[in-house]
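Okay, so here's the structure we're looking at.
Convention: sequence-line order gives letters A, B, ...; per-chain numbering from 1.
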Amino acid sequence: MSVRVRYAPSPTGNQHIGGVRTALINYLFAKSKGGSFILRLEDTDRRRYSPEYVQNLYDTFKWLGFYWDEGPDIGGPVGPYVQSERFELYRKYAEDLVRMDKAYYCFCDSDRLERLRQEQIATKKDEIGYDRHCRSISKEERDRNIAEGKPHVIRLKIPLDGVTVFHDELLGNIEWKNADISPDPVLLKSDGFPTYHLANIIDDHLMEITHVMRAQEWIPSAPLHRIIYDAFGWEMPELCHLPMVLGQDGHKLSKRHGATAVNEFRKAGYLPEALINYIALLGCSYEDGRDIYSLDELVGLFKIERLNKAPAVFDYQKLEWFNGQYIRQKSDEELSVLIHPYLIEAGLRSELDTAKDQMELAAMPLVKERLKFLTDAPAIMAYLYGRLDLPPVETYLPKKADAQDAAVFLEEDTRILQEFGLDDISSVEDKFRERALEMGKKLGDLLMPLRVAITYTRVSPPLFESMKILGLGESLDRIEKSIQYLRGA
RNA sequence: GUCCCCAUCGUCUAGCGGUCAGGACAGCGGGUUUUCAACCCGCCAACAGGGGUCCGAUUCCCCUUGGGGAUACCA
């Protein structure tokens, strides 16, 4: 039978690192087995649901560049792939369970449940959770309540004793005392929507899911799922619980750890390749032990056995390193297209401007290895787009030089440039070297003021290449402006 | 509280009885150099503790400790 896995997010928030990693691992596993990766929307929490999150889900995965084979937006043979569109299904199956005496109606209201909880907390009892009050009400009472139209939920009957065993592909067999399973969890809510526990099982079964790969936080509900599968007489998919992703403080990764939503990373100038590469290495390794992997390479190398069991801490620094690696891997053409939006946003250029396109392409070799994020581009490149405010005089000064010295250096620079131009950068550089020697100065003495005059900062992309891009005339003008500025100081 | 999962450098990890415990990020030092990067070289740095099993344990078993997760009409 061919492998079918699913990613089943709940559209109650933006796609975040943890979810996307679960999706990626599912995808890698499916593709490594020649199977299918399916998206199912678990929109049964009507309070927290919002359609914008569905859009965010689609946007995120389009940007990341790996996508499902079946899903709400592209259809497939076992749809619908949205649980709210499968609404009737769940009640029918829940009623079946009641008929089989595997589940029961519960009429307890939230007030009673809340009181119960408070009591349990106050008395520090070992057993915490529902007290199974409605499990034992008489048939008459039940029917009367139904006839009165009293709101109700349907709860699963967890066996009072005995054990439930399930198998995990990574963790092996896990045995659970039934007494330790959450007592009689709700399967069908009073609004008629199923809970995760019911819905995921019915849908996984109907959608012929073969492997369920989800985060380890789900382990405690696995025995309960086993009980439901058994009740229906269905075969349970293979389970594989993935190690969790933690923040630097060792707790489940969340907003307070910094960026966690994928669109935040996107906005911050990360490349999808870097994110995928980094995430694939969190809690997993690949036989040849490299660092850089393309998505296709990951597919070819993925193995469940190489999944780690222990949780992994998300390291922003290492992700940054990956981002730099992938930026440098881009061709000049690719990179200039990628930074385009950020330059427009910074007001450095408009959408269509072929002159700027050419200039940027020429500038790519100068900035490529200086970018850690795409968002760094505007600040690094601003001087190429026009004149900026002149920096404080001190910025110009080489060691042991004052403003007048700097002006002298710049005048000397002007002479050399006027004489030799910028056509052959390396020979012009030699001229500067020779001149510095003659003057008994360091090359840096001649070049630091020049760098500041041209780029307005002491830290910049390569100087001569920059001047060449700006053109000799513009470069000389900028130098002249700075000479006047320094003379006036 | 109770239950469950887990445990190698600061972090991500390799290791599947005999290794100088390897790599990557970060950090530190050096090289290159007109700045900053990038790049290259080097250094620092780990088997949580205690019992077993075994000729021999980082590796297998148990306990302790530590960390995480779950205990919802959220997923």
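- Ion pairing between A/R370 and A/D376 fails under the 4.0 Å rule for side-chain N and carboxylate O.
- A/W218 comes within 4.0 angstrom of a base, heavy atoms only.
- Using a 4.0 Å heavy-atom criterion, one finds that A/P462 contacts the bases of the nucleic acid, with or without backbone contacts as well.
- In this structure, A/E429 reaches the bases: a heavy-atom distance under 4.0 Å links it to at least one base atom across the strands shown.
- Aromatic ring pairs are classed by plane angle as parallel below 30°, tilted from 30° to 60° and perpendicular above 60°; the pair A/F166 and A/H241 is perpendicular.
- Residue A/R47 is classed as having no contact, given no heavy-atom separation below 4.0 Å to the nucleic acid.
- When Watson-Crick and G-U wobble pairs are counted only if both distances are under 3.5 Å, B/G1 pairs with B/U71.
- Position along RNA chain B of the nearest nucleotide to A/A310 versus A/Q83 favours A/A310 as the more 5'-ward residue.
- No N or O donor and acceptor, one from the side chain of A/K368 and one from the base of B/A38, sit under 3.5 Å apart.
- Across all strands shown, B/A57 remains unpaired; no Watson-Crick or G-U wobble contact has both distances below 3.5 Å.
- Within the structure, every side-chain polar atom (N or O) of A/K252 is placed at least 4.0 Å from both OP1 and OP2 of B/A75.
- A/D203 places a side-chain heavy atom less than 4.5 Å from the side chain of A/R86.
- Contact annotation for A/H251: backbone-only contact, meaning every heavy-atom pair under 4.0 Å involves sugar-phosphate atoms and none involves a base.
- With hydrogens and angles left out, the side-chain atoms of A/S50 and A/E52 include a donor and acceptor closer than 3.5 Å.
- Residue side chain A/S190 reaches the base of B/C73 through a donor-acceptor N/O pair under 3.5 Å, judged by distance alone.
- The separation of B/G49 from B/U13, taken at their C1' atoms, amounts to 23 Å, rounded to a whole angstrom.
- Across all strands shown, B/C20 forms no Watson-Crick or G-U wobble pair with both key distances under 3.5 Å.
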